[in-house]
Colleague: 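If you scroll down you'll find the structure; I have some questions about it.
What you see is a predicted model, and the numbers here were worked out from it, not measured in a lab. Counting convention: from 1, in listed order, for ligands and their atoms alike.
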Amino acid sequence: MSFQRTAKQTKVAGKMNFKLSLLFLCSFVLVFVHGFVKAQSNIKSQVLSSRSETRKHQRSVVDVVKRGGNGLHSKLSMSSERSYIMIKPDGVQRNLVGDIIKRFEQKGFQLVAMKLVQAPEELLTKHYEQLADKPFFPKLLKYMTSGPVCAMVWQGKEVVATGRKMLGATNPLQSEPGTIRGDFCLEVGRNICHGSDSVENAEREISLWFNPSEICEYKSCQFDWVYE
Ligand code: IDP
Ligand code: MG
């Protein structure tokens, strides 16, 4: 009888031991999983906070530049004006592309977009919409569609007004020597290049001829030697 009780007790004790071990194992697994999850979330929050620190740092650098702390912002904004300059079909045919580009490069302006285009009449009609009622308009369209043009965007301080001075008067015979039209051509209907006449028109013309993705943004290595 007492032996049977002892065996039963042993059996019960064994079951208890098993349950206790199971409980212990479960608690160990729970503690481990909890620790792992906590460590993961700590790592995540550290990464997020370091990212936000980086962003804060970037913002503060931009702010310093914007406040003009080192004069960089004012230099950047004054040098960001853009003009649409186009070498017309006669300029391309007469191999004057290099000479015209050279003048803008030498002046210190920065080339930010360029392509050769056989322009459709529709595009030129939009480009010259302010001249649509002029008697020479059909001749102008014929001239401008007679071959490829070299379309460019030049950037720099007062590039619109200065570009116009560099081109010279519309009628080449009235253009000063030293200007592009003054040096390279004779007739108003063969005046080899176009330049935007206002900042507003420049932006309108640039958006007509170029997709934003075709215009490059870069700091020229000459920047600090051109701008004080
Ligand atoms: P611009 O090119 O100097 O800005 P605009 O008056 O805008 O001069 O005229 C656009 C273009 O139309 C000129 O560059 C020239 O090729 C052409 N053009 C202007 N006036 C005449 C003209 O009287 N006869 C023929 N073509 C002209
Ligand atoms: Mg014009």
Colleague: Any nitrogen or oxygen of Lys88 lying under 3.5 Å from a nitrogen or oxygen in ligand 1? Just yes or no.
Modeller: yes

Colleague: So which protein heavy atom does atom 15 (C) of ligand 1 come closest to, and at what separation?
Modeller: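 Looking at atom 15 (C) of ligand 1, the protein heavy atom closest to it is Val188 O, 3.3 Å.
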
Colleague: Can you report which non-hydrogen protein atom sits closest to atom 2 (O) of ligand 1, along with the distance?
Modeller: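 For atom 2 (O) of ligand 1, the nearest protein heavy atom is Arg181 NH2, 3.2 Å.
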
Colleague: If we set the cut-off at 4.0 Å for heavy atoms, which region of Lys134 has an atom near ligand 1: side chain, backbone, both, or neither?
Modeller: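 It is neither; nothing of Lys134 touches ligand 1.
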
Colleague: Hey, which of Glu203, Gln110, Gln155 is the one that makes side chain to side chain donor-acceptor pair (under 3.5 Å) with Arg82?
Modeller: Glu203

Colleague: Distance to 0.1 Å, residue and atom name: give those for the protein heavy atom nearest to atom 23 (O) of ligand 1.
Modeller: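 Result for atom 23 (O) of ligand 1: Phe136 CD2, 3.7 Å.
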
Colleague: Would you mind running through ligand 1 and noting each atom that sits below 4.0 Å from a heavy atom of Asn191?
Modeller: 13 (C), 14 (O), 15 (C), 16 (O)

Colleague: For atom 4 (O) of ligand 1, which protein heavy atom lies nearest, and how many Å away is it?
Modeller: Arg164 NH1, 2.8 Å

Colleague: If you draw the axis of the six-membered ring of Phe210, does the NZ or CZ of Lys115 fall within 45° of it and under 6.0 Å from the ring centre?
Modeller: yes

Colleague: Enumerate the atoms of ligand 1 whose separation from the nearest heavy atom of Tyr128 is less than 4.0 angstrom.
Modeller: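 Under 4.0 Å from Tyr128, ligand 1 has these atoms: 10 (C).
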
Colleague: Answer yes if the ring centres of Phe104 and Trp154 are under 6.0 angstrom apart, and no otherwise.
Modeller: yes

Colleague: Without swapping roles, check the side chain of Asn171 against the backbone of Leu173 for a donor-acceptor pair under 3.5 Å.
Modeller: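 Side chain of Asn171 to backbone of Leu173: a pair is present.
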
Colleague: Can you tell me how far apart CG (Leu167) and CD1 (Ile85) are? Round to the nearest 0.5 Å.
Modeller: 5.5 Å

Colleague: Is Leu140 touching ligand 1 with its side chain, its backbone, both, or neither, if touching means heavy atoms under 4.0 Å apart?
Modeller: side chain

Colleague: With heavy-atom distances below 4.5 Å as the criterion, would you say the side chains of His194 and Glu205 are in contact?
Modeller: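 In short, these two side chains touch, coming nearer than 4.5 Å.
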
Colleague: Counting heavy atoms only, which part of His127 comes closer than 4.0 Å to ligand 1: side chain, backbone, both or neither?
Modeller: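 Within the 4.0 Å criterion, His127 makes no contact with ligand 1.
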
Colleague: Hey, are the side chains of Thr162 and Phe109 touching, using non-hydrogen atoms and a 4.5 Å cut-off?
Modeller: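 Yes; the side chains approach each other to less than 4.5 Å.
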
Colleague: Which one holds for Leu131 and ligand 1: side chain close, backbone close, both close, or neither close, with close meaning a heavy atom under 4.0 Å?
Modeller: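 The answer is the side chain.
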
Colleague: Could you establish whether Arg190 and ligand 1 come within less than 4.0 Å of each other, counting only heavy atoms on the residue side?
Modeller: no

Colleague: Report the nearest protein non-hydrogen atom to atom 3 (O) of ligand 1: residue, atom name, distance rounded to 0.1 Å.
Modeller: Thr170 OG1, 2.6 Å

Colleague: Between Tyr143 (side chain only) and Lys88 (backbone N and O only), is there a donor and an acceptor less than 3.5 Å apart?
Modeller: no

